[in-house]
Amino acid sequence: MNKVMVAMSGGVDSSVSALLLKQQGFDLCGATLSLYSNNDIGLCDTKTCCSLDDVEDARRVCARLGIDHFVFNLKEQFKQGVIEPFAEGYRRGETPNPCVECNRSIKFSGVLARARQLDYDAIATGHYVQSKYDVAVGRWLLKKGRDPAKDQSYVLYMLTQPMLARTLFPLGGLTKREVREMAEEHGLVTARKSESQDICFVPDGDYAGFLAKTLGVVSEPGCFVSPQGEVLGRHEGMIHYTLGQRRGLGISADRRLFVVKKNMESNTVVLGDEVLLMRRRMTIDRLNWVSVAAPQSSIRAEVKSRYRQSAQPAWLHPQEDGSILVEFDAPQRALTPGQAAVFYAQDVVLGGGTIRDCTLEGERP
RNA sequence: UGGGCUGUAGCCAAGCGGUAAGGCACCAGACUUUGACUCUGGCAUUCCGAUGGUCCGAAUCCAUCCAGCCCAA
């Protein structure tokens with residue numbers, strides 16, 4: 001495995017990833033995906049992960065490292081695999097995670113395919129995760145990154161064994177700080193690029209406006225109501241809200257109010273106290289098992305039901321229809337359909353899926 | 001036009017003579033490869049419905065007026 005294609009977003013992480021592999025003597029090239037054009041999204045500025053500026057930054061880093069740089073056009077795939085499902089999710093009243101979808105259907109498969117075409121043995125990314133082949137069970141294990149603050153295994157639960165077999169994660173054992181310092185030392189132009197990003201194809205962060213204007217998602221204004229059905233005010237349309245949300249409601253009360261339910265049939269958003277968001281169970285579908293085979297009976301795991309939330313102990317109960325019923329030891333806040341749920345055993349990613357339903361019988365509506 | 005109550009920032013609301021709590025909303029940051037949550041900071045530089053008065057000193061006491069609500073007629 002000598003020839004490696006590094007997926008480079010134009011950020012500091014993938015830049016350092018390339019740097020490290022270069023230092024290790026791999027025969028390297030960089031690849032940046034072109035996922036949308038300005039026409040698709042209106043304006044495009046430097047805040048997004050694959051804007052023209054970012055492509056240029058990736059190119060500059062490659063030049064600095066003395067390696068080839070390719071740009072692959074995956075606009076059509078991205079539109080079908082990420083943007084449209086994103087709109088569909090919101091139409092259903094869910095809160096989709098486009099980053100997960102991108103990793104699932106675009107990024108890895110896209111770069112792997114191009115790598116194969118150009119005769120590269122493997123690909124690499126700048127994700128903070130670790131992988132290793134477990135000889136005993138004959139499988140690749142996907143593990144959390146060493147830097148707990150930056151671990152990105154949550155967004156990679158959909159990787160498959162063939163993908164893991166051909167993907168390197170050079171940053172898995174590093175901390176963000178070390179990565180920044182390294183970029184600084186080697187004068188990479190991306191060393192100080194900002195960390196934060198919104199949804200990459202929504203340049204100004206106004207995802208609701210994007211859904212409405214560009215994707216034609218219809219979302220009529222309606223009523224905010226209390227759990228008892230009392231009208232509290234007007235909302236701007238379902239797509240503006242997600243479970244557990246507090247800000248931007250514009251409803252003043254004697255206490256904090258949260259979105260506790262989205263009622264698509266009546267086009268109402270139910271506002272109430274935070275305790276109404278607590279649930280112990282949820283159903284997960286679109287499953288992918290990474291480091292283990294699909295379990296046939298109930299197993300213990302820690303489950304992350306949201307990015308940047310610590311994994312919580314739970315039982316995983318396989319269901320007849322192939323889904324998994326997650327039963328947390330303790331109630332969890334705002335389990336939200338459309339978001340990813342990822343199962344862990346310590347640092348190992350067992351698998352994960354999409355939260356489908358969390359208002360099961362016997363629990364609060 | 002008999003009686004009672006209320007009137008403090010966008011909303012709710014403390015204060016009951018000593019120089020304007022707090023919550024919500026909002027705004028700005030932090031955090032963050034999703035949406036959120038969370039955290040930090042800012043939010044009546046002036047007078048608390050209006051006008052007079054008492055007092056060293058009032059949003060707090062008194063008077064009148066205005067507005068709204070309620071109970072009687």
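Note that the structure is a prediction, hence the values are computed from the model and not measured. Order of the sequence lines fixes the chain letters, A, B, ..., with proteins taken first and strands second; residue numbering starts at 1 for each chain.
Classification of A:Asp285 and A:Arg356 as a salt-bridged pair holds, one side-chain N sitting under 4.0 Å from a carboxylate O. A salt bridge links A:Glu274 with A:Arg333: the closest approach of a Lys/Arg side-chain nitrogen to an acidic carboxylate oxygen falls below 4.0 angstrom.
The distance between atom OH of A:Tyr90 and atom C1' of B:G35, rounded to the nearest whole Å, is 4 Å. Here B:A25 presents its C1' atom at 14 Å from CG of A:Leu232, a figure rounded to the nearest Å. Across the protein-nucleic acid pair, A:Asp254 atom CG and B:C24 atom P stand 10 Å apart, rounded to whole Å. In this structure, A:Phe224 atom CZ and B:C24 atom P are separated by 17 Å, rounded to whole Å. Atoms CG (A:Leu249) and P (B:C24) sit 12 Å apart, rounded to a whole Å. B:G35 atom P lies 19 Å from atom CG of A:Leu335, rounded to whole Å. We find that CZ of A:Arg234 is positioned 19 Å from C1' of B:A25, with the value rounded to whole Å. One atom, CG of A:Asp273, and another, P of B:C24, lie 12 Å apart when rounded to the nearest Å.
B:U60 sits 15 Å from B:U19 when the P atoms are compared, rounded to a whole Å. The C1' atoms of B:U6 and B:A50 are separated by 16 Å, rounded to the nearest whole Å. The C1' atoms of B:U45 and B:A67 are separated by 29 Å, rounded to the nearest whole Å. Rounded to a whole angstrom, the distance from the C1' atom of B:C12 to that of B:A21 is 14 Å. The gap from the P atom of B:U34 to that of B:A25 amounts to 23 Å, rounded to the nearest Å. Here the separation of B:A59 from B:C47, taken at their C1' atoms, is 8 Å to the nearest Å. Comparing the P positions of B:C27 and B:C70 gives a spacing of 35 Å, expressed to the nearest Å. Comparing the C1' positions of B:C55 and B:C62 gives a spacing of 12 Å, expressed to the nearest Å.
Side-chain rings of A:Phe86 and A:Phe78 stay apart, their centers remaining 6.0 Å or farther from each other.
Under the side chain to side chain donor-acceptor pair (under 3.5 Å) criterion, A:Gln339 pairs with no residue at all, not counting sequence neighbours.
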Atom pairs under 3.5 Å: protein N/O with N/O of nucleotides 36-38 of chain B:
unit_1: B:A36; atom_1: O2'; unit_2: A:Gln245; atom_2: N; d: 3.4
unit_1: B:C37; atom_1: OP1; unit_2: A:Arg246; atom_2: N; d: 2.7
unit_1: B:C37; atom_1: OP1; unit_2: A:Arg247; atom_2: N; d: 2.7
unit_1: B:U38; atom_1: OP1; unit_2: A:Arg256; atom_2: NH1; d: 3.4
unit_1: B:U38; atom_1: OP2; unit_2: A:Arg246; atom_2: NE; d: 2.9

Identify all pairs in which a protein N or O lies below 3.5 Å from an N or O of nucleotides 5-11 of chain B, and state each distance.
none

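Under 3.5 Å, the side chain of A:Gln339 and the base of B:U34 form at least one donor-acceptor pair of N or O atoms.
At a threshold of 4.5 Å between non-hydrogen side-chain atoms, the residues A:Val202 and A:Phe210 count as touching. The shortest distance between side-chain heavy atoms of A:Glu101 and A:Met158 does not fall below 4.5 Å. Residues A:Val260 and A:Leu243 are not in side-chain contact: their nearest non-hydrogen atoms beyond the backbone lie 4.5 Å or more apart.
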What does the 5'-to-3' dot-bracket notation of RNA chain B look like when only Watson-Crick and G-U wobble pairs under 3.5 Å count, and pairs to other strands show as |?
.(((((((.[[[..)..(...]]].(((((.......)))))......[[[[[..)....]]]]]))))))..

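Pairs engaging residues 269-303 of chain A under the ring pair (Phe, Tyr, Trp, His ring centres under 6.0 Å) rule: A:Trp289-A:Phe343 [sequence neighbours left out]. Under the ring pair (Phe, Tyr, Trp, His ring centres under 6.0 Å) criterion, the residue pairs touching residues 144-180 of chain A are A:Tyr154-A:Tyr307, with sequence neighbours excluded.
A:Lys176 comes within 4.0 angstrom of nothing in the nucleic acid, heavy atoms only.
For B:C39, the glycosidic angle deviates from 0 by more than 90°, giving an anti base.
Taken to the nearest 0.5 Å, the CG atom of A:Leu271 stands 10.0 Å off from the CZ atom of A:Phe258.
Side chains of A:Lys143 and A:Ser131: a donor-acceptor N/O pair is absent below 3.5 angstrom, by distance only.
Listed here is the closest heavy atom pair of A:Leu335 and A:Arg281: CD1-O, 4.0 Å.
If you chain together hydrophobic residues whose side chains sit under 4.5 Å apart, A:Val137 and A:Trp140 never meet in one group.
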